[in-house]
Enquirer: 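My questions all concern the structure below.
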Amino acid sequence: MSKTQGQTDGQQTDGQAGRTAGPEATLGYEQARDELVEVVRRLEAGGTSLEESLALWERGEELAKVCRRWLEGARARLDAALADGAEGAEDAESAGEG
């Protein structure tokens, strides 16, 4: 797999402002995860040179960071939604007490 695979879907954003450090910033979570699975499969299969194995490992690390950023962003959105929901519930209770 080359570093350019998965980048032909257009210049989509990852929903996280300021994260345009490289092509990995345009990868969606599912794309990064699927490529990471393939990298791991190739590493586990063996039969690659040391240089190729190191390149695969480095690519795997990059993809893992992309996945981690997506998951952290999703967690932050979920936490914000839960906090908004809790505030809304408190406001509704306060309005009903008057």
Side-chain angles (χ1 to χ4, degrees):
M1 275 199 184
S2 70
K3 288 190 176 189
T4 58
Q5 182 175 359
Q7 296 172 18
T8 58
D9 293 340
Q11 294 300 313
Q12 62 197 36
T13 60
D14 68 359
Q16 299 180 12
R19 300 238 169 133
T20 57
E24 289 75 24
T26 63
L27 286 176
Y29 173 77
E30 289 80 6
Q31 287 175 300
R33 182 202 59 214
D34 292 347
E35 189 178 341
L36 180 56
V37 167
E38 179 62 19
V39 165
V40 170
R41 186 197 63 74
R42 289 183 61 195
L43 284 169
E44 288 178 341
T48 58
S49 68
L50 177 59
E51 188 64 31
E52 188 176 4
S53 294
L54 286 172
L56 285 168
W57 180 271
E58 290 169 346
R59 181 62 179 159
E61 290 291 330
E62 292 170 4
L63 293 164
K65 287 178 187 176
V66 171
C67 290
R68 194 172 310 116
R69 281 194 300 262
W70 272 104
L71 292 173
E72 288 169 355
R75 177 45 125 188
R77 288 176 62 188
L78 179 60
D79 289 344
L82 290 173
D84 287 347
E87 289 174 12
E90 289 174 10
D91 292 343
E93 288 177 14
S94 296
E97 291 179 5

Enquirer: Minimum heavy-atom separation for Val66 to Ala32, with atom names?
Expert: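 Shortest heavy-atom contact: CG1-CB, 3.7 Å.
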
Enquirer: Where the side chain of Trp70 meets the backbone of Leu27, is there a donor-acceptor pair that is under 3.5 Å apart?
Expert: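 Answer holds: yes.
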
Enquirer: Is any side-chain N of the basic residue among Arg41 and Glu38 closer than 4.0 Å to the acidic one's carboxylate O?
Expert: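 Salt bridge present between Arg41 and Glu38.
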
Enquirer: Could you report the tightest heavy-atom contact between Val39 and Leu63, atom names first, then the distance?
Expert: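 Looks like CG2-CD1, 4.1 Å.
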
Enquirer: Give the intermediate values and the outcome of side chain to side chain contact (heavy atoms under 4.5 Å, CB included) for residues Lys65 and Arg68.
Expert: CA-CA 5 Å; Lys65 287 178 187 176; Arg68 194 172 310 116; 3.7 Å; yes

Enquirer: Within this structure, what is the CD-CG distance for the pair Glu51 and Leu56, rounded to the nearest 0.5 Å?
Expert: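 The CD atom of Glu51 sits 10.5 Å away from the CG atom of Leu56.
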
Enquirer: Evaluate the side chain to side chain contact (heavy atoms under 4.5 Å, CB included) criterion for residues Arg75 and Leu78: first the C-alpha distance (whole Å), next the side-chain angles of each, then the deciding distance (0.1 Å), finally the verdict.
Expert: CA-CA 5 Å; Arg75 177 45 125 188; Leu78 179 60; 3.2 Å; yes

Enquirer: Only one of Glu35, Glu62, Arg33 clears side chain to side chain contact (heavy atoms under 4.5 Å, CB included) with Cys67; which?
Expert: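 Only match with Cys67 under side chain to side chain contact (heavy atoms under 4.5 Å, CB included): Arg33.
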
Enquirer: Tell me the closest heavy-atom pair linking Leu43 and Ser53, and the distance in Å.
Expert: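 Closest approach of Leu43 to Ser53, heavy atoms only: CD2-O, 3.7 Å.
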
Enquirer: Could you see if Val37 belongs to whatever hydrophobic cluster contains Leu71? Use Ile, Leu, Val, Met, Phe, Trp, Tyr and a side-chain cutoff under 4.5 Å.
Expert: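 Each belongs to a different hydrophobic cluster.
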
